[in-house]
There are 2 protein chains.
Amino acid sequence: MVIKAARKPALGGQECDMSGWDAGNCPVRDVIDRIAGKWSTLLLEALSHRPYRFGELRRLVPDISQRMLTQTLRDLQRDGYIEREVFPTKPPSVEYRMTDLGRSLFEPLSKVLRWAEKNHSSVKAARAKYDESELA
Amino acid sequence: MVIKAARKPALGGQECDMSGWDAGNCPVRDVIDRIAGKWSTLLLEALSHRPYRFGELRRLVPDISQRMLTQTLRDLQRDGYIEREVFPTKPPSVEYRMTDLGRSLFEPLSKVLRWAEKNHSSVKAARAKYDESELA
DNA sequence: AGTGCTAGTCTCTTTTTGAGACCAATGTTC
DNA sequence: GAACATTGGTCTCAAAAAGAGACTAGCACT
């Protein structure tokens with residue numbers, strides 16, 4: 001067929017293995033989908049430094065809504081990355097702190113964060129280039 | 001870590017200086033927000049193995065809509081992680097392949113993916129525990 | 001002559017997110 | 001002693017994003 005002949009040969013010459021990579025039902029997605037949220041990494045980053053209370057996190061991340069802060073914290077807690085402790089103070093305060101599991105996740109995750117920090121300019125350059133070529 | 005409350009946005013507009021961690025305006029967020037999408041990591045994982053065509057990716061990830069596949073690929077391309085090449089075959093085919101920048105990103109990212117794979121059971125256990133305690 | 005392939009786009013509906021009011025109990029201020 | 005702020009949320013409604021599915025074009029195959 002013409003299409004196959006004209007196409008550039010694929011790398012490796014081996015059909016994708018995909019062993020352990022079930023797109024529809026894989027464990028990786030089950031975990032990643034949760035920490036891939038817009039706010040999850042941000043909160044994990046914050047809580048990797050030290051425990052924070054709800055209001056502190058809210059001030060720390062000014063553009064998160066209370067609703068999403070509550071929800072994201074609850075999701076992270078449910079997956080076992082952070083703990084929630086209520087202190088019976090006068091207005092009861094709530095503290096969130098990272099668990100061992102969370103710390104273990106944050107170790108590789110922080111490397112992606114550092115990559116992002118380091119390569120931000122390359123990404124911005126790529127965007128500028130793309131936007132310019134699209135303009136034509 | 002020092003938390004600065006919202007100050008008057010001066011010339012630069014940078015408000016939060018938390019030892020290199022600017023919540024509101026930081027390069028890390030600018031990069032992470034894009035690769036934190038539901039489908040981004042999945043497509044990067046696929047394209048890390050070998051180049052794929054649009055339809056191949058669609059079959060590979062059956063539960064992505066064509067709309068989101070197009071959009072996610074375009075975002076990844078815009079940020080410079082993947083390249084798009086059109087082959088003038090009879091029904092024109094389009095191939096997507098990872099760039100050097102994409103590969104450089106995928107190196108730390110793949111470690112998170114492997115963490116997810118390895119710790120899936122811990123996360124599932126945490127969820128079960130949480131759900132049970134919530135039920136009470 | 002009908003069907004399928006290609007890589008999308010367009011529209012419509014459903015889900016997710018954001019903005020902001022509201023809560024109850026206490027503490028501080030005037 | 002009345003007003004107002006602070007605690008960690010929840011609730012509602014509007015806006016944005018995502019999903020489902022129809023539609024496109026030219027050509028190959030049957």
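These numbers come from the heavy atoms of this one structure, side chains and all, not from hydrogens, waters or symmetry mates. Residue numbers begin at 1 in each chain, while the letters A, B, ... track the order of the sequences.
Rounded to an integer number of Å, the gap from A:Asp33 CG to D:dA17 P is 19 Å. In this structure, B:Phe54 places its CZ atom 15 Å from P of C:dC5, rounding to the nearest Å. Whole-Å rounding puts the A:Asp63 CG to C:dT17 P distance at 15 Å. A straight line from CZ of B:Phe87 to C1' of C:dA7 spans 14 Å, rounded to a whole angstrom. Atom CG of A:Leu69 and atom P of C:dG20 are 17 Å apart (whole Å). If you take CD of B:Gln71 and C1' of D:dA18, they are 8 Å apart, rounded to a whole angstrom. Rounded to an integer number of Å, the gap from A:Ile64 CD1 to C:dG20 C1' is 15 Å.
For the pair B:Lys38 and D:dG19, the criterion of a side-chain N or O lying under 4.0 Å from OP1 or OP2 is met. Distances shown here put a side-chain N or O of A:Arg74 below 4.0 Å from the OP1 or OP2 atom of D:dT10. A sub-4.0 Å separation between OP1 or OP2 of D:dA17 and a side-chain N or O of B:Trp39 is absent. Applying the 4.0 Å criterion to OP1 and OP2 of C:dG20, one finds that A:Gln66 has every side-chain N and O outside that range. The phosphate of C:dA7 has neither OP1 nor OP2 within less than 4.0 Å of any side-chain N or O from B:Tyr52. The side chain of A:Arg84 contributes an N or O atom lying less than 4.0 Å from OP1 or OP2 of D:dG9. At the phosphate of C:dC22, neither OP1 nor OP2 sits under 4.0 Å from any side-chain N or O atom of A:Arg67.
Judged by the 6.0 Å distance and 45° axis criteria, B:Arg50 is positioned over the aromatic ring of B:Tyr52.
Between the side chain of A:Thr72 and the backbone N or O of A:Leu69, no donor-acceptor pair lies under 3.5 Å. Judged purely by atom type and a 3.5 angstrom limit, B:Ser104 has no side-chain atom pairing as donor or acceptor with the backbone of B:Asp100.
Note that OH of A:Tyr130 and CG of B:Asp75 are 8.0 Å apart. Values are rounded to the nearest 0.5 Å. Distance check: B:Ile82 CD1 to B:Leu44 CG gives 7.5 Å after rounding to the nearest 0.5 Å.
With D:dT7, C:dT17, D:dG26 as the choices, the nucleotide that has an atom nearest any side-chain atom of A:Met68 turns out to be C:dT17. Looking at the side chain of B:Ser65, the nearest of the listed nucleotides C:dA7, D:dA20, D:dG26 is D:dA20.
Mapping B:Gly55 and A:Lys90 onto DNA chain C via the closest heavy atom, the residue that lands nearer the 5' end is B:Gly55.
Contact annotation for A:Tyr96: backbone-only contact, meaning every heavy-atom pair under 4.0 Å involves sugar-phosphate atoms and none involves a base.
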